2 protein chains.
Amino acid sequence: MIPEATIRRLSVYLRCLRRGLRRGEELVLSTQLARRCGTSASLVRKDLSYFGGFGIKGKGYRVADLIHAIESILGINKPIALILVGVGSLGRAILRYLQEVPYFNILGAFDNDEKKWGRRVGRVEVLPAHFLRRFLEENPVDLGVIAIPPEGVEEVVDTLERGGVRGVLSFALAEFEVPRNMVLEFVDIAAELEFLYYKANKLKT
Amino acid sequence: MIPEATIRRLSVYLRCLRRGLRRGEELVLSTQLARRCGTSASLVRKDLSYFGGFGIKGKGYRVADLIHAIESILGINKPIALILVGVGSLGRAILRYLQEVPYFNILGAFDNDEKKWGRRVGRVEVLPAHFLRRFLEENPVDLGVIAIPPEGVEEVVDTLERGGVRGVLSFALAEFEVPRNMVLEFVDIAAELEFLYYKANKLKT
DNA sequence: TAGATTGTTAATCGATTAACAATC
DNA sequence: TAGATTGTTAATCGATTAACAATC
C-alpha cells in the first residue's frame, strides 16, 4: 500500500524537478531533491521506489526522465477534465489559475446567479447551475472544484457524484455524513491559518 | 507530544460544533461529532483528551463549552494580526474571504504593481510592496499570506521573517532550502487536484 | 576498477484503533 | 442505582529513518 503522503510529495518533487530542468539541470541526487522539497533523501528514494527504479546507481536521477515518470504515475500526461461550481470572487480566481496549468482542461463553470450567466472568465463560460446535471450527462468530467458557501456543498456533491465525477475539491468544509463513491477533499484557508497560528505560538515557547 | 493531525482536526470540530450550535444543539456525543467530521469517535475523544477533560461522562460534550475550549486551545479567542502579499486575482479573493472571519484582523495588503497602490479591497488598503519592511517594524504581525508567483516567495518570506512574522501561508510552492525560524505552509491547488486525480483513478480499479 | 549513490531492508517512531475502567 | 458515555491504556497499524548491499 502506497502512503497518501507519498503521492502528495510526488507533486512537490515534480515542481522542484521542473524548476531544475528550466535551469538546465540534467541529473539530480536524492539529497538535492530532498533539501529543495523539505524532506529527507531516504524518503525521496523510498517514495520513488514504490513505482520502480528511476535512478542510476552512483549517478542520481535524470531530471527529464523523472519528470516524465512522475507525470505518468499521477496520470497528468493526458488532460484532466474539470468543472468549477461557484463563480464568486474565489471561484473566479481559481478559474483563472486553473487555466494556466497546461494539463487541466476546464470544460465549464456554473453559478446560481443569473447575472453571471454567459459571462466569460478567461476562455471559460459561466453557465446556469441548473444546467449542471444535464451537462454531466453529455460531458465526462474527472474532477469538480467547488467554491460556494458551505450550505450548498452537499447538494452539489450529490449532483456531481450522480454525474460520474470521481473527485471533488471543495473550498468550504461540509459535514459529509453520507459515505460517497468519490474522493472528497477540503481546502479551508481559515483552518490552515488557525493551524499555523497554533504552531507559531508553540515555536515561541 | 500532540500530533499535528490533532490540531488540524480541532479546526474541523470547531466548524461542526458551530453549525450544531446554530441549530440549537446543546450536547453532542463523540460518535456524532466523529460522523459529521469524518473521523472516529475514539479519535475525537483522544484529540480532546490531550487538552483536558471537556466532556461529561454518560452525557457527551456541552456544545457551547467545547467551542470555547477549542477556540482558546487554538488561540483564536483573541484577534490574529494578518497581512497579505500579492493582490492579484487570487490575493483579492483571499483578502475578501479573510475579512469575513471575525477573529482575523487584516492590517494591510501589499503589491508590487503601482497601479494597485491606494486601492481598497473591502476595508483593506493596498500598499507598495517596498513599504513592507517598514510596516513590520511598526506593526506586530502574527501571520502572513502570500499569493505571488513562486519566484518571489523566497524574498518575501525573508522580509516577513526578519519583520517578526512567525507563520506564513503561501499559495505558491517554493523551494525552501533555508531552515527558518517560522512556520511555513503551502497550499497548492494544482497539487491538490493531482492528488485527487490519482486517488480517483485508484477508486475505479 | 574505485567511487558514489541508488534501492531495499530492518528498526524506529508516531498516530490510530479498540477495549474498558472510571464516573456522571 | 442503572445506563450511558467519557477518558485512558495497550495493541495495532502505518509511515519515516538509518544503514547497507547492490550496482552503475
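Keep in mind it's a predicted model, so treat the numbers as computed, not measured. Just so we're on the same page: letters track the sequence lines, and every chain starts at 1.
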Practice problem: May I have the distance from B:Phe54 (atom CZ) to C:dT23 (atom P), rounded to whole angstrom? | Solution: 18 Å
Quiz item: When rounded to the nearest 0.5 angstrom, what distance separates CZ in A:Arg36 from CG in B:Leu173?
Solution: 14.5 Å
Quiz item: For A:Glu4 and D:dT16, what is the distance between atoms CD and P respectively, to the nearest whole Å?
Solution: 11 Å
Quiz prompt | B:Lys199 to B:Phe195 six-membered ring, cation-pi geometry met (6.0 Å, 45°) | solution = no
Exercise. Answer whether the closest heavy-atom distance between the side chains of A:Asp47 and A:Thr39 falls below 4.5 Å.
Key: no
Exercise. Step through the shown structure and confirm whether more than 12 heavy atoms of other residues, nucleotides or ligands are within 6.0 Å of CD on A:Glu25.
Key: yes
Practice problem: Return yes when atom CZ of B:Arg123 has more than 12 non-hydrogen atoms of other residues, nucleotides or ligands closer than 6.0 Å, and no otherwise. | Solution: no
Please enumerate all protein N or O atoms sitting under 3.5 Å from an N or O of nucleotides 8-13 of chain D, with distances to 0.1 Å.
none

Quiz item: When the distance from CE of A:Met1 to C1' of C:dA15 is rounded to whole Å, what number comes out?
Solution: 17 Å
Practice problem: Toss me the dot-bracket line for DNA chain C: Watson-Crick and G-U wobble, both under 3.5 Å, 5' to 3', using | for pairs to another strand and [ ] for crossers. | Solution: ..||||||||||||||||||||||
Self-check item: Test log, rule side-chain contact (heavy atoms from CB on, under 4.5 Å), inputs B:Val145 and A:Ile189
Solution: CA-CA 10 Å; B:Val145 179; A:Ile189 298 167; 5.8 Å; no
Practice problem: Look at the side chain of B:Asp142 and the backbone N and O of B:Ile80, then say whether any donor-acceptor pair between them is shorter than 3.5 Å. | Solution: no
Quiz prompt | Contacting residues from residues 56-69 of chain A, given that a heavy atom lies under 4.0 angstrom of DNA chain C | solution = A:Ile56, A:Lys57, A:Gly58, A:Lys59, A:Gly60, A:Tyr61
Practice problem: Answer yes or no: is there an ion pair linking A:Arg8 with A:Glu185, defined by an N-O contact shorter than 4.0 Å? | Solution: yes
Practice problem: Please state how far atom CD1 in B:Ile2 lies from atom P in C:dG14, giving the value in whole angstrom units. | Solution: 14 Å
Quiz item: Please, which pairs that meet salt bridge (charged side-chain N to carboxylate O under 4.0 Å, His left out) have at least one residue in residues 73-98 of chain A, sequence neighbours excluded?
Solution: none
When the side chains of residues 50-71 of chain A are checked against the rest of the protein, which donor-acceptor pairs come out under 3.5 Å, sequence neighbours left out?
unit_1, atom_1, unit_2, atom_2, d
A:His68, ND1, A:Ala64, O, 3.4
A:Glu71, OE2, A:Arg18, NH2, 3.2

Quiz item: For A:Gly55 and A:Pro3, take the nucleotide of DNA chain D holding the closest heavy atom to each; which residue's nucleotide lies nearer the 5' end?
Solution: A:Pro3
Quiz item: Are OP1 or OP2 of D:dT6 and a side-chain N or O of B:Ser30 less than 4.0 angstrom apart?
Solution: yes
Practice problem: May I have the distance from B:Tyr50 (atom OH) to D:dT6 (atom C1'), rounded to whole angstrom? | Solution: 16 Å
Show me the side-chain donor-acceptor pairs of residues 124-140 of chain A shorter than 3.5 Å, one per line, residues at least two apart or across chains.
unit_1, atom_1, unit_2, atom_2, d
A:Arg134, NE, A:Glu138, OE2, 3.0
A:Asn139, ND2, A:Phe135, O, 2.9

Quiz prompt | Interatomic distance, A:Leu27 CG vs C:dT6 C1' [rounded to whole Å] | solution = 13 Å
Exercise. Nearest whole angstrom, please: distance from the C1' of D:dA19 to the CG of A:Leu43.
Key: 16 Å
